[in-house]
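Computed over heavy atoms, backbone and side chain alike; hydrogens, waters and symmetry mates excluded.
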Amino acid sequence: MASSSSPLTSSLHYRSRFGDTTLTKVFVGGLAWETPTAELRRFFEQFGEILEAVIISDKITGRSKGYGFVTFRDPESARRSVADPNPVIDGRRANCNIAAFGRRRPSPPRGRSPEGSMYRQHSRVPAQVAPAPPAPVVYPSPFG
């Protein structure tokens with residue numbers, strides 16, 4: 001008997017009720033605790049049709065954790081919404097990115113200056129040097 005769905009589609013299970021949100025879900029951090037979901041939605045509607053806008057809250061207190069997610073219908077709307085990664089939402093500077101990609105990070109510098117790497121000099125974590133490998137063990141030859 002033939003199945004009505006192909007093996008490829010029947011094996012795909014997405015965590016979101018909207019299917020694959022890899023390119024359509026935007027993380028929004030740095031929100032004021034008082035920012036309501038309606039304000040988050042209102043800000044992002046300028047970029048395209050929104051399927052869902054949620055602000056994450058603490059399970060016990062119900063208080064906002066200061067971040068949320070906006071899921072757009074299409075990837076182009078999501079891309080436009082993060083063109084400015086630090087918009088002002090409800091009077092506060094937020095940070096936005098495509099959720100699946102994480103935040104933008106500066107590229108580490110390439111090469112070294114005579115004084116050493118400035119990247120390491122200003123890092124919160126001190127640079128560490130890998131320990132030298134142990135010396136080889138030499139056994140006497142049984143053949144004399």
Side-chain angles (χ1 to χ4, degrees), residues 1-140:
M1 260 187 159
S3 172
S4 61
S5 64
S6 74
L8 179 62
T9 57
S10 64
S11 66
L12 292 177
H13 290 46
Y14 297 108
R15 292 177 66 189
S16 169
R17 65 181 179 205
F18 303 114
D20 184 4
T21 60
T22 303
L23 300 176
T24 60
K25 189 174 205 173
V26 173
F27 168 83
V28 184
L31 296 171
W33 289 335
E34 303 81 22
T35 300
T37 300
E39 181 61 30
L40 183 66
R41 180 178 283 275
R42 191 172 15 262
F43 177 83
F44 282 96
E45 281 176 339
Q46 65 184 304
F47 302 109
E49 185 180 350
I50 294 173
L51 298 177
E52 179 181 53
V54 295
I55 292 179
I56 306 303
S57 56
D58 183 273
K59 286 187 257 184
I60 298 169
T61 66
R63 185 173 168 184
S64 166
K65 289 189 171 187
Y67 69 93
F69 296 92
V70 177
T71 304
F72 288 93
R73 179 164 300 284
D74 63 276
E76 183 58 28
S77 297
R79 189 195 60 73
R80 281 193 309 268
S81 76
V82 298
D84 175 4
N86 300 109
V88 175
I89 301 172
D90 200 22
R92 187 171 168 134
R93 177 96 31 214
N95 56 18
C96 303
N97 57 56
I98 302 295
F101 299 154
R103 68 180 173 92
R104 294 181 187 166
R105 292 177 179 86
S107 300
R110 304 196 193 283
R112 288 191 161 221
S113 67
E115 297 82 33
S117 172
M118 289 188 60
Y119 191 76
R120 281 200 188 120
Q121 289 174 358
H122 299 296
S123 173
R124 289 186 210 164
V125 179
Q128 295 182 0
V129 178
V137 178
V138 179
Y139 295 99

Gap between atom [atom2] of [Y] and atom [atom1] of [X] - 0.5 Å precision:
X: Asn86; Y: Cys96; atom1: CG; atom2: SG; result: 7.5 Å
X: Leu40; Y: Glu45; atom1: CG; atom2: CD; result: 10.0 Å
X: Phe43; Y: Thr35; atom1: CZ; atom2: OG1; result: 11.5 Å
X: Thr24; Y: Leu51; atom1: OG1; atom2: CG; result: 7.0 Å

Item to check | For Arg73, salt bridge (Lys or Arg N to Asp or Glu O under 4.0 Å) partners two or more places apart | outcome: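 Applying salt bridge (Lys or Arg N to Asp or Glu O under 4.0 Å) to Arg73 gives Glu49.
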Item to check | Sequence-distant partners of Arg92, salt bridge (Lys or Arg N to Asp or Glu O under 4.0 Å), two or more places apart | outcome: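 Scan of Arg92 (salt bridge (Lys or Arg N to Asp or Glu O under 4.0 Å), adjacent residues dropped) gives none.
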Heavy atoms only: give me the nearest [X]-[Y] pair and the separation to one decimal.
X: Val28; Y: Ala94; result: CG1-CB, 4.3 Å
X: Ser77; Y: Gly48; result: OG-CA, 3.5 Å
X: Thr21; Y: Thr71; result: CG2-CG2, 3.9 Å
X: Pro36; Y: Asp90; result: CD-OD2, 4.2 Å
X: Arg41; Y: Glu52; result: NH2-CA, 3.9 Å
X: Gly102; Y: Asn97; result: O-CG, 3.4 Å

Next on the checklist: Considering only residues two or more places apart or on different chains, which pairs with a residue in residues 22-39 satisfy salt bridge (charged side-chain N to carboxylate O under 4.0 Å, His left out)?
Outcome noted: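 Sorted result for residues 22-39: Glu39-Arg42.
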Holding to side-chain hydrogen bond (donor to acceptor under 3.5 Å, both in side chains), I want the full list of residues that pass it with [X], two or more places apart in sequence or in another chain.
X: Glu76; result: Arg79
X: Asp84; result: none
X: Ser57; result: none
X: Asn95; result: none

Next on the checklist: Checking Phe27 now: which residues fulfil ring-ring contact (aromatic ring centres under 6.0 Å, His included) with it, not counting sequence neighbours?
Outcome noted: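 By the ring-ring contact (aromatic ring centres under 6.0 Å, His included) rule, Phe27 matches Tyr67, Phe69.
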Checklist entry - Of all residues at least two apart in sequence or in a different chain, which pass the side chain to side chain contact (heavy atoms under 4.5 Å, CB included) check with Ser81? => result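 So Ser81 forms a side chain to side chain contact (heavy atoms under 4.5 Å, CB included) with Val26, Phe44, Phe47, Phe72.
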